[in-house]
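Since the structure is predicted, the reported quantities are computational estimates derived from the model, not experimental observations. Because only heavy atoms are used, hydrogens play no part in the values below, and waters and symmetry mates are left out as well, while side chains stay in.
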Amino acid sequence: MRRRLQGATAWAAVDQKHDGWEAVTPWPLVLVVLLVLVNFTAPRADATPLSADMIVSVPDQVLALIDRGKLIARYSISTSKFGTGDSNASYRTPLGTLFVSAKVGDRLPSGAVIKNRIPTGEIVAVDAPGRDPIVSRVIWLRGMETQNQKARDRCIYIHGTPEERRIGKPASFGCIRMRSRDVIDLYDRVHIGTHVLITLRKIHEFVRPEEPDLLAKTD
């Protein structure tokens, strides 16, 4: 946002020349522009702070949003039934640090089918027999380390699945699957660039113990 504001300030402070006329933007207008930009770009009150990271615990089969050791949100997930790794055609879930490189599915209804990152117009019910498409939302991940450098090309997503009965145990082909209501909630909380750590550690190892309430009754 800082860069955007700086850009707006620079634009407003210089002489404007266009089609043969010249004018200097008055500073009251500059202030109005800045206020509009701040209001437009401010995060929603219920959104996760931008410093929050996603932690995907393979043993817990849980995805958590954690901000400075504080648990913001927690969701049951499903990682690969083939284990962890990043080899081509391995259908495994990569480990390590990745980040959100793209988001697909703004305002799509729950259960909307997404194929090749394009909505098809079909809506699939939860646990529909014989159906296993990507639904509702896609959060596309890109690796930041050697151990997960193929993740984006392998199309490793966090996405919704109609097979919600399988959530909570490894069942995917490499991606991180979520219930539709959960992936929609997560999608609205995270942004391009949010870090994602996929790990063999448990979630509680990343959460800071709550400090005792000084007003709590003690023996």
Side-chain angles (χ1 to χ4, degrees), residues 46-88 90-103 126-127 132 134-152 154-213 216:
D46 60 347
T48 298
L50 297 185
S51 59
D53 294 323
M54 285 188 270
I55 308 293
V56 176
S57 171
V58 174
D60 286 343
Q61 291 294 286
V62 164
L63 184 154
L65 279 173
I66 295 177
D67 182 19
R68 302 180 185 91
K70 181 179 179 181
L71 182 65
I72 304 299
R74 178 186 176 113
Y75 313 93
S76 292
I77 59 163
S78 178
T79 58
S80 174
K81 60 184 176 182
F82 300 101
T84 58
D86 195 41
S87 300
N88 289 326
S90 67
Y91 301 110
R92 297 174 184 267
T93 299
L95 294 173
T97 303
L98 307 91
F99 69 93
V100 175
S101 64
K103 297 170 63 181
V126 172
D127 291 324
D132 187 23
I134 291 171
V135 299
S136 301
R137 299 290 188 274
V138 166
I139 300 172
W140 197 357
L141 304 183
R142 180 190 289 272
M144 299 179 69
E145 302 171 336
T146 301
Q147 64 178 323
N148 51 43
Q149 63 183 351
K150 299 182 180 71
R152 182 175 171 86
R154 293 177 57 215
C155 295
I156 298 298
Y157 306 146
I158 299 171
H159 67 79
T161 177
E163 292 195 321
E164 295 192 1
R165 66 188 181 280
R166 300 184 186 276
I167 294 295
K169 58 186 178 182
S172 83
F173 292 87
C175 291
I176 297 159
R177 298 183 177 188
M178 301 181 70
R179 295 183 177 92
S180 284
R181 68 172 183 270
D182 290 343
V183 77
I184 291 171
D185 183 70
L186 177 67
Y187 185 97
D188 291 340
R189 290 174 179 265
V190 302
H191 60 94
I192 304 300
T194 296
H195 283 189
V196 183
L197 175 64
I198 305 177
T199 178
L200 297 177
R201 297 165 61 189
K202 292 182 173 291
I203 291 295
H204 71 80
E205 298 181 44
F206 298 91
V207 179
R208 183 178 63 243
E210 291 292 334
E211 297 180 0
D213 189 341

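Ring geometry, W140 versus Y157: the interplanar angle exceeds 60°, so the pair is classed perpendicular (tilted spans 30 to 60°). The aromatic rings of F82 and F173 sit tilted relative to each other, their planes meeting at an angle between 30° and 60°.
Looking at every heavy atom in both residues, R152 comes nearest to S101 through NH1-OG, 2.5 Å. Summarising the geometry of V138 relative to Y187, their closest heavy-atom pair is O-CE1, 3.7 Å, with the distance given to 0.1 Å. Nearest heavy atom pair, residue C175 against residue S172, reads O-OG, 2.6 Å. Shortest non-hydrogen contact noted between A64 and L71 is CB-CD1, 3.7 Å.
In this structure a side-chain-to-backbone donor-acceptor pair under 3.5 Å is missing from S78 to G168. Listed for the R208 side chain is a donor-acceptor partner under 3.5 Å among the backbone atoms of R68. In terms of modelled atom types and a separation under 3.5 Å, the side chain of T79 and the main chain of P170 share no donor-acceptor contact. Counting only distance, with no hydrogens or angles, the side chain of S87 and the backbone of S90 share no donor-acceptor pair below 3.5 Å. Side-chain atoms of N148 never come within 3.5 Å of backbone atoms of P94 as a donor-acceptor pair (strictly under, hydrogens ignored).
Using a 4.5 Å heavy-atom threshold, the side chains of I167 and I77 count as separate. Looking at R177 and D132, their side chains come closer than 4.5 Å, going by heavy atoms from C-beta outward. The shortest distance between side-chain heavy atoms of V58 and I198 falls below 4.5 Å. With contacts defined as side-chain heavy-atom distances shorter than 4.5 Å, the pair D53/I66 does not qualify. A heavy-atom distance below 4.5 Å is found between the side chains of L65 and V190. Considering only heavy atoms from C-beta on, I72 comes within 4.5 Å of R189 through its side chain. Residues S180 and V126 form no side-chain contact, since every pair of their non-hydrogen atoms from C-beta on lies 4.5 Å or further apart.
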Please determine whether side chain to side chain contact (heavy atoms under 4.5 Å, CB included) holds for the pair V100 and M54, giving the CA-CA distance in whole Å, both sets of side-chain angles, and the decisive distance to 0.1 Å. CA-CA 10 Å; V100 175; M54 285 188 270; 3.6 Å; yes
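For residues 54-65, the set of pairs meeting the salt bridge (Lys or Arg N to Asp or Glu O under 4.0 Å) definition, not counting sequence neighbours, comprises D60-K202. Within the structure, no pair that satisfies the salt bridge (Lys or Arg N to Asp or Glu O under 4.0 Å) test touches residues 137-151, not counting sequence neighbours.
Remark: I139 CD1 to H191 NE2 distance equals 11.5 Å, nearest 0.5 Å. Note: Q61 CD to I203 CD1 = 10.5 Å, rounded to the nearest 0.5 Å. To the nearest 0.5 angstrom, Q147 atom CD is 6.0 Å from L95 atom CG. Separation of atoms OG1 (T93) and CD1 (I156) is listed at 6.0 Å; rounding is to 0.5 Å. We find the OG-CZ distance between S76 and R166 to be 16.0 Å, quoted to the nearest 0.5 Å. Between the CZ atom of R92 and the OG1 atom of T84 there is a distance of 7.0 Å, given to the nearest 0.5 Å.
A cation-pi arrangement is present between R201 and F206 under the rule of less than 6.0 angstrom and at most 45 degrees off the ring axis.
Under the salt bridge (Lys or Arg N to Asp or Glu O under 4.0 Å) criterion, R154 pairs with D86, sequence neighbours left out.
Other residues, nucleotides and ligands contribute at most 12 non-hydrogen atoms within 6.0 Å of the OH atom of Y91.
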